[in-house]
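Start at 1 with the first residue, then count along the sequence.
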Amino acid sequence: MSADFSALPPVFAVDKAIFEEIDAVHEAQGRKDILLSSILMRWYHSLFMQLPQKSDRVLAVKEYIEVNYMQPIRVEEIADALHIHRTHLARIFKQSTGKTMQEYLISQRLQKARDMLCDGKSVEETARLCGFSSVSHFSKTFSKYYSFAPKAFQKDRRR
C-alpha cells in the first residue's frame with residue numbers, strides 16, 4: 001500500500017525521505033505508533049522551522065510601511081500579505097517595537113514630513129506626500145508629536 005505523494009502541491013519544502021519512512025511504518029516491528037509519532041514530530045519540526053520568525057515578520061511590516069507610507073495602509077492589508085491573522089501580527093509587532101503598527105506608521109510619516117519640511121517643501125505638499133488625509137490632520141498630528149506646528153517648525157529651521 002503505497003501512496004503517491006507527488007501529486008500534492010508544494011506548500012512547504014519537504015524532505016521526501018519522510019514520506020518513505022511513513023510508508024515503511026507498516027513493515028516495522030514493535031510499537032508502530034511510537035515510530036510514526038517520531039517521524040511526524042520531525043516533520044512538524046522541519047515545517048515549523050520554515051515559518052517566518054517574529055523578527056522577520058516585524059521587519060517585513062517595517063519594510064512595507066517604509067515603501068508605502070504615503071498610501072492609505074490598513075493592518076489587514078499587511079497581515080494578508082504576510083499570511084498571518086491581523087490580531088496576532090498586531091500583538092507581535094507591539095511586543096517587538098513597543099508601538100502599535102498605526103503608531104509606527106504615524107511616526108514614520110512624521111519623520112518623512114520633518115525631512116520634507118527641512119528641504120523646503122510646503123506644508124500642503126508635505127501632508128499630501130506623507131499620506132495624511134488633510135492638511136489640518138497633518139498639522140494637528142505634527143504639532144502633537146513635535147510640539148511645533150509645521151509652519152512654525154519650518155520658520156524655526158530657516159533661522
Side-chain angles (χ1 to χ4, degrees), residues 3-23 36-151 153-154 157:
D4 180 18
F5 293 107
S6 63
L8 291 175
V11 177
F12 293 98
V14 177
D15 182 4
K16 294 192 186 330
I18 288 179
F19 293 116
E20 293 168 5
E21 290 179 47
I22 292 171
D23 196 35
L36 188 56
S37 293
S38 171
I39 293 168
L40 292 175
M41 287 304 293
R42 281 189 290 122
W43 187 22
Y44 173 78
H45 177 74
S46 71
L47 291 176
F48 181 75
M49 294 309 292
Q50 293 177 36
L51 294 175
Q53 300 301 310
K54 284 182 185 180
S55 60
D56 296 339
R57 290 177 176 150
V58 170
L59 182 60
V61 171
K62 288 180 175 182
E63 288 173 356
Y64 186 91
I65 288 172
E66 178 68 27
V67 171
N68 297 290
Y69 70 90
M70 68 294 294
Q71 304 295 327
I73 296 177
R74 293 181 18 252
V75 173
E76 292 82 11
E77 291 173 5
I78 300 172
D80 288 346
L82 294 174
H83 307 290
I84 184 173
H85 193 274
R86 67 180 182 84
T87 306
H88 181 63
L89 181 60
R91 184 173 43 252
I92 63 173
F93 190 86
K94 173 87 177 195
Q95 287 172 346
S96 294
T97 65
K99 294 181 179 181
T100 66
M101 284 187 274
Q102 189 66 27
E103 290 168 341
Y104 183 81
L105 170 61
I106 290 168
S107 72
Q108 291 304 299
R109 285 179 171 168
L110 290 172
Q111 287 177 16
K112 300 288 186 187
R114 186 173 179 231
D115 294 343
M116 288 179 192
L117 291 171
C118 287
D119 290 342
K121 292 213 185 310
S122 71
V123 173
E124 293 78 15
E125 185 179 14
T126 299
R128 184 178 47 79
L129 291 173
C130 290
F132 287 91
S133 57
S134 70
V135 175
S136 65
H137 179 243
F138 167 65
S139 294
K140 287 177 189 175
T141 306
F142 190 93
S143 297
K144 183 178 176 183
Y145 196 83
Y146 289 113
S147 301
F148 270 99
K151 287 196 186 274
F153 176 80
Q154 267 187 326
R157 297 296 291 174

Report summary line: To the nearest 0.5 Å, atom CG of Leu110 lies from atom CG of Leu105 at 9.0 Å
Query - Asp56 side, atom CG; Glu63 side, atom CD - distance, nearest 0.5 Å - result: 9.5 Å
Query raised in the report: Can you name the nearest heavy-atom pair linking Phe138 to Ala113, along with the distance?
Result: CE1-CB, 3.5 Å
Query raised in the report: Given the rule in the side-chain contact (heavy atoms from CB on, under 4.5 Å) test, do Lys62 and Phe93 qualify, once you have shown the distances and angles that lead to the verdict?
Result: CA-CA 9 Å; Lys62 288 180 175 182; Phe93 190 86; 4.2 Å; yes
**Report entry** Atom of Leu89, atom of Met101 and distance for their closest heavy-atom approach
**Finding:** CG-CE, 3.9 Å
Requested in this report: Spell out, as yes or no, whether a donor-acceptor pair under 3.5 Å connects the side chain of Glu103 to the backbone of Thr100.
Outcome: yes
Report summary line: For Met70 and Leu129, the nearest pair of non-hydrogen atoms, with its separation, is CB-O, 3.0 Å
Query - Arg128 side chain near Glu125 side chain, heavy-atom distance below 4.5 Å - result: yes
Requested in this report: Apply side-chain contact (heavy atoms from CB on, under 4.5 Å) to Arg57 and His88, showing your working.
Outcome: CA-CA 11 Å; Arg57 290 177 176 150; His88 181 63; 4.1 Å; yes
Report task. Assess whether atom NZ of Lys99 is packed by more than 12 heavy atoms of other residues, nucleotides or ligands within 6.0 Å. Result -> yes
Query raised in the report: How far apart are the closest heavy atoms of Val58 and Ile92, and which atoms are they?
Result: CG2-O, 3.9 Å
Query raised in the report: Any donor-acceptor pair under 3.5 Å linking the side chain of Gln102 with the backbone of Val75?
Result: no
Report summary line: Between the OG atom in Ser122 and the CE atom in Met116, the distance rounded to the nearest 0.5 Å is 11.0 Å
**Report entry** ring pair (Phe, Tyr, Trp, His ring centres under 6.0 Å) partners for His137, two or more places apart
**Finding:** Phe132
Report task. Give the minimum heavy-atom separation between Asn68 and Ile73, together with the two atoms involved. Result -> O-CD1, 3.2 Å
Requested in this report: Using a 4.5 Å cut-off on heavy atoms from C-beta on, say whether the side chain of Thr126 contacts that of Phe142.
Outcome: no
Requested in this report: Decide yes or no for Lys112 and Glu66: does some side-chain heavy atom of the first lie under 4.5 Å from some side-chain heavy atom of the second?
Outcome: yes
Query raised in the report: Is a side-chain donor or acceptor of Arg109 paired with a backbone partner of Cys130 at a separation under 3.5 angstrom?
Result: yes
Requested in this report: Report yes or no: does Ser107 contribute a side-chain atom to a donor-acceptor pair with the main-chain N or O of Tyr104 at less than 3.5 Å?
Outcome: yes
Requested in this report: First locate atom CD of Gln71, then atom CD1 of Ile65, and finally report the distance between them rounded to the nearest 0.5 Å.
Outcome: 13.5 Å
Report summary line: Between the CG atom in Asp80 and the NE2 atom in His85, the distance rounded to the nearest 0.5 Å is 10.0 Å
Query raised in the report: Passes side-chain contact (heavy atoms from CB on, under 4.5 Å), Ser143 versus Phe153? Steps please.
Result: CA-CA 9 Å; Ser143 297; Phe153 176 80; over 6 Å; no
